[in-house]
Amino acid sequence: MTSLPLISVDPDARGRRPAMPPRHLADLDLPGRQALVTELGEPAFRAKQVSNHYFGRLVRDPAQMTDLPAATRERLAGSLLPALLTPVRELACDDGATRKALWRLHDGSLVESVLMGYPDRVTVCISSQAGCGMACPFCATGQAGLTRNLSTAEIVDQAVYLAGVAASGAVAGSPPRLSHVVFMGMGEPLANYSRVVGAIRRLVAPAPEGLGLSQRHITVSTVGLVPAIRRLASEELSVTLALSLHAPDDELRDELVPVNQRWKVSEVLDAVWDYAATTGRRVSIEYAMIKDVNDQPWRADLLGRLLAGKLAHVNLIPLNPTPGSRWDASPKPVEREFVRRLRDAGVSTTVRDTRGREIDGACGQLAAAEDRDTDPPCEATA
Ligand code: SF4
């Protein structure tokens, strides 16, 4: 969610009306795929066969599905497996434990995803929209506005691609299997509600229908679209909700997160507590630490009073400063004092690691670098 410098779609795409991509098997559930395959004159079992390749073996290129007859491969390639993401650039940092991918979509929009390896898990951070319409002033993605929603398959394909990278052993010191997905890339996931929920269903469905991830290992981040939070609570999905709060008071949050002018802090917190009660899942409260803006001790105390006794965990995010931005990260002593006050109030709090900083790790930054045609500071792998 949090990003900084200017981001834009491909210059060639400007002025063109963004269009949704062609249908892909990841847009459909298994019965939908079977119906489509039958329509194409193939036996229904082909749907399972192709799904096994895509979700089970992480094979995205129909040419590599060599157990299918060549004519079938050709027929199914166009209707079920169109190429959705064209890699523009891949970068590796943190001794190979962080890999960032920049994609060009079929209409020229740029989006990005990040793979993060840890000793006990592999996480991917994926985008749900090209650009974002939420206009948070400290975020580059927000400054450029929304280009379009991603399709369900464009969202899923980011995870499947990076799951394949992890499976190849490219992330040293981490397990080879993708285990966690966070919707914290470009965009506001709940503003693309039905496609994001479709993507979650594909991610958690067992193979061959989906990737077979645990619902508990999926995190959906939102700036606080209250009706969508309430709708998500009714989906019988126990995914983790992360609320980008960034300020505990309406006066500042109206400025930092403009959607707060529609749904106030008290309303959005009521919605997330109801989400926690319905799902039993602890809510993650995201708070970007911005120097002299939202990092005062009294704001830590106010946040502590709002969250004390609730099923919540605070993730403080050191802001990633970027050239030309008027926003800067809070100094470490200020950050430590903020943490101390929250913990004293009985609120579980951690400071998020700053993976990928060297590769413009906040959302939008790699695409911004591409648009500025600047060289990335890390090793390019593609
Ligand atoms: S909601 Fe949109 S504008 Fe706000 S921080 Fe996230 S990506 Fe940026």
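Counting starts at 1 for both ligands and their atoms, following the listed order.
Salt bridge status for R201 with D29: absent, with no side-chain N to carboxylate O gap under 4.0 Å. One finds no salt bridge joining K48 and E209 here, because no Lys/Arg side-chain nitrogen approaches an Asp/Glu carboxylate oxygen to under 4.0 Å. A salt bridge links E337 and R340; the closest N-O separation between the charged side-chain nitrogens and carboxylate oxygens is under 4.0 Å.
For ligand 1, the atoms closer than 4.0 angstrom to any heavy atom of M134 are 1 (S), 2 (Fe). Set against the non-hydrogen atoms of C132, the atoms of ligand 1 under 4.0 Å away are 1 (S), 2 (Fe), 3 (S), 7 (S). Within the listing of ligand 1, atoms 3 (S), 5 (S), 7 (S), 8 (Fe) sit less than 4.0 angstrom from a heavy atom of C139. Every atom of ligand 1 with a heavy atom of V223 under 4.0 Å away is listed here by number and element: 1 (S).
K332 pairs by the salt bridge (Lys or Arg N to Asp or Glu O under 4.0 Å) definition with E335, not counting sequence neighbours. The side-chain contact (heavy atoms from CB on, under 4.5 Å) test applied to A242 returns M184, T219, S221, S284, E286, not counting sequence neighbours.
Residue contact annotation: C136 places no N/O/S atom under 2.8 Å from atom 8 (Fe) of ligand 1.
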